[in-house]
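For reference, the structure discussed in these notes is given below.
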Protein chains: 2
Amino acid sequence: MDPVNKHGDRPPEDLTARARIRDAALAQFAERGYAAATLRGVADAAGVSIGLVQHHFGTKDGLRRACDTYATDTLASLDGLGVAGGEITDSDFLARMFRHSPLILRYIARAMVDGSPTAATFFDSGAATAEVFLTRTWPERFPPGSDRARDAAAVMAAMHQATIVLHEHLSRRMGADVLAAENSARIGLAMFDVYTSMADFAASDTGAAIRDGARTYQRGTSAAQQNGPGDDRDH
Amino acid sequence: MDPVNKHGDRPPEDLTARARIRDAALAQFAERGYAAATLRGVADAAGVSIGLVQHHFGTKDGLRRACDTYATDTLASLDGLGVAGGEITDSDFLARMFRHSPLILRYIARAMVDGSPTAATFFDSGAATAEVFLTRTWPERFPPGSDRARDAAAVMAAMHQATIVLHEHLSRRMGADVLAAENSARIGLAMFDVYTSMADFAASDTGAAIRDGARTYQRGTSAAQQNGPGDDRDH
DNA sequence: CAACCGGCAATACACACGTATAGCATCCAA
DNA sequence: TTGGATGCTATACGTGTGTATTGCCGGTTG
């Protein structure tokens, strides 16, 4: 049997050599990073000559841009329901992503820390979605346009995307490939556990002390960069 | 004034050319990644010849290993209080890290996704710390050695380290360098907000529905996997 | 048939990289 | 003074890289 879900349910024009090259590039860029990946490696993985890679994509950067736009388009096509509405369907979105193309998921994970301009768009999209969710669900805590909402949304996006970006370490630690479809729910449940537990901690005395300490520390530094007398050891 | 906190409070032997090369390598590896960084670039940044880099570190991989061990030692020296005890002094640990050497922080952030073997150790250390914290604070929810505790600890480590690994996107979105010492408290406060809010969401009807859906989905897919049946709702 | 054009391979080229080697000061013990 | 270490530079070498060039082959069009 040939490799499954490699060219799963894609239109037939995607089975051309050009598409094979793009898929190979997605995999190579994801596994080795842009700098370490070579055009000859991509050509070999795609089973074509290196000349054909240039014929279709011109330069190495052109190949990367093609991968970026392909990933962006695929993501946009999956954004149709749920995410665009500002719902927190993160796990559901990922589940669909797992099924559709783990290749793109791995590529995104690498691009996020590989200097790709598309990665910034992806992160900002996640942060924007989170911000809509936060301001809609708790308008009093996160007033629309406030710094508090913006900060929380950015941090929340980072925390969620961490499960993708750090999938290698996460998988090693959990003993399973967290980018495999059958394990998507496992991360979601663990995130629920972390959220509820850490909220308990935040509401506890020590949690409140830490938060207050951070608040006063922030007030001290926001005026002048010098560290105030604070540092109040939280036992 | 010369660049501050570049060779801040380090022993005098660190001001040798060898140390300057190491610092330049830390910066170059962090900014460009291992593959894209060049020995000539490191030599230029350190103000020495490329031959001296080889004289001190032999090969490029030797230079990377030297950076890894230096980062590891620095981390270990900061682990003295708080973290080793299993406390969740994450923000405090980071605050000290910010002050001591933002250089190493940036290096760690890159190494985490650049295939460095040290990065695995760093992640595992964070996950182990989190696991101790979870099992100590909520022993009934996270029994020591259970899959549930291990999963939650790994995800929690990933979520916390995300603020470092994704510092570039986070900083762009928040309009400030999140790896700067004066902003360390800001992330901590945002994380508190996210935790409390998402815990509310997890406790809501839709949150419970999502969790139950994930549970049944997971039961459907994990035939061989054994998770203790004693998961059920902890009120 | 002839001209042509896109898919594709083979090869050549210039360059930057990591690495190896040789040399030059300075210092310090014998 | 001699003679090696030591810190450091300069330069050469081989290789792998991205890219450019050339040409072949099959199908379409005039």
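Chain letters run A, B, ... following the sequence lines, proteins first and then strands; every chain starts at 1. The figures that follow rest on heavy atoms only: side chains count, while hydrogens, waters and symmetry mates do not.
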Does Arg22(A) make a cation-pi contact with Tyr70(A) (under 6.0 Å, within 45 degrees of the axis)? yes
Could you give the CZ-to-P distance, from Arg64(A) to dG18(D), as a whole number of Å? 13 Å
Name the atoms and distances for all side-chain donor-acceptor pairs under 3.5 Å in residues 39-56 of chain B, with sequence neighbours left out.
unit_1	atom_1	unit_2	atom_2	d
Ser49(B)	OG	Gly51(B)	N	3.4
Ser49(B)	OG	Leu52(B)	N	3.4

If you check every side-chain atom of Leu52(B), which of dC8(D), dT11(D), dC17(C) has the closest atom? dC8(D)
Whether Thr59(B) contacts dT19(C) is assessed here as follows: a side-chain N or O lying under 4.0 Å from the phosphate OP1 or OP2. Is that the case? yes
Answer yes or no: is there a donor N or O on one side and an acceptor on the other, between the side chain of Lys60(A) and the main chain of Tyr34(A), under 3.5 Å? yes
Taking atom C1' of dG18(C) as reference, at what distance in whole Å does atom CG of Asp61(B) sit? 12 Å
Between dA9(C) (P) and Asp44(A) (CG): distance, integer Å: 11 Å
Look at the aromatic rings of Tyr195(A) and Tyr195(B) and report parallel, tilted or perpendicular, splitting at 30° and 60°. perpendicular
Check every strand shown and say whether Ala37(B) touches a base, only sugar-phosphate, or nothing at a heavy-atom separation below 4.0 Å. sugar-phosphate
Among the nucleotides dT19(D), dT9(D), dC8(D), which one has an atom lying closest to any side-chain atom of Ala17(B)? dC8(D)
Expected list for residues 25-36 of chain A near DNA chain D, using heavy atoms below 4.0 Å, is none
Starting at atom CG of Leu39(A), determine the distance to atom P of dA12(C), rounded to an integer number of angstrom. 19 Å
When you measure from the side chain of Arg150(B) to the backbone of Met174(A), do you find a donor-acceptor pair of N or O atoms at a distance under 3.5 Å? no
Arg40(A) (side chain) and dG16(D) (base): donor-acceptor pair under 3.5 Å: no
What is the distance, rounded to the nearest whole Å, between atom CD1 of Ile50(A) and atom P of dC8(C)? 16 Å
Is it true that a side-chain atom of Arg110(A) and a backbone atom of Val113(B) form a donor plus acceptor pair closer than 3.5 Å? yes
Is the shortest side-chain N/O distance from His56(A) to OP1 or OP2 of dG6(C) below 4.0 Å? no
Side chain of Gln54(B), heavy atoms from C-beta onward: which of dT19(C), dA20(D), dT9(D) has the nearest atom to it? dT19(C)
Roughly how bent is the helix from dC1(C)-dG30(D) to dA30(C)-dT1(D) end to end, in steps of 10 degrees, with each end axis from five pairs? 20°
Separation of Lys60(B) atom NZ from dA20(C) atom C1', in whole Å? 17 Å
Does Arg18(A) make a side-chain donor-acceptor contact with the base of dG7(C), cut-off 3.5 Å? no
Correct closest heavy-atom pair for Ala109(B) and Ile164(B) would be CB-O, 3.5 Å
note: Ile21(B), atom CD1; dC8(D), atom P; distance rounded to Å ~ 7 Å
Does His55(A) have a side-chain nitrogen or oxygen under 4.0 Å from the phosphate oxygens OP1 or OP2 of dA20(D)? no
Using a cut-off of 6.0 Å, state whether more than 12 heavy atoms not belonging to Arg32(A) lie near its atom CZ. no
Side chain of Arg65(B), backbone of Phe57(B): donor and acceptor closer than 3.5 Å? no
Expected output: side-chain His169(A) to main-chain Ala158(B) donor-acceptor under 3.5 Å: no
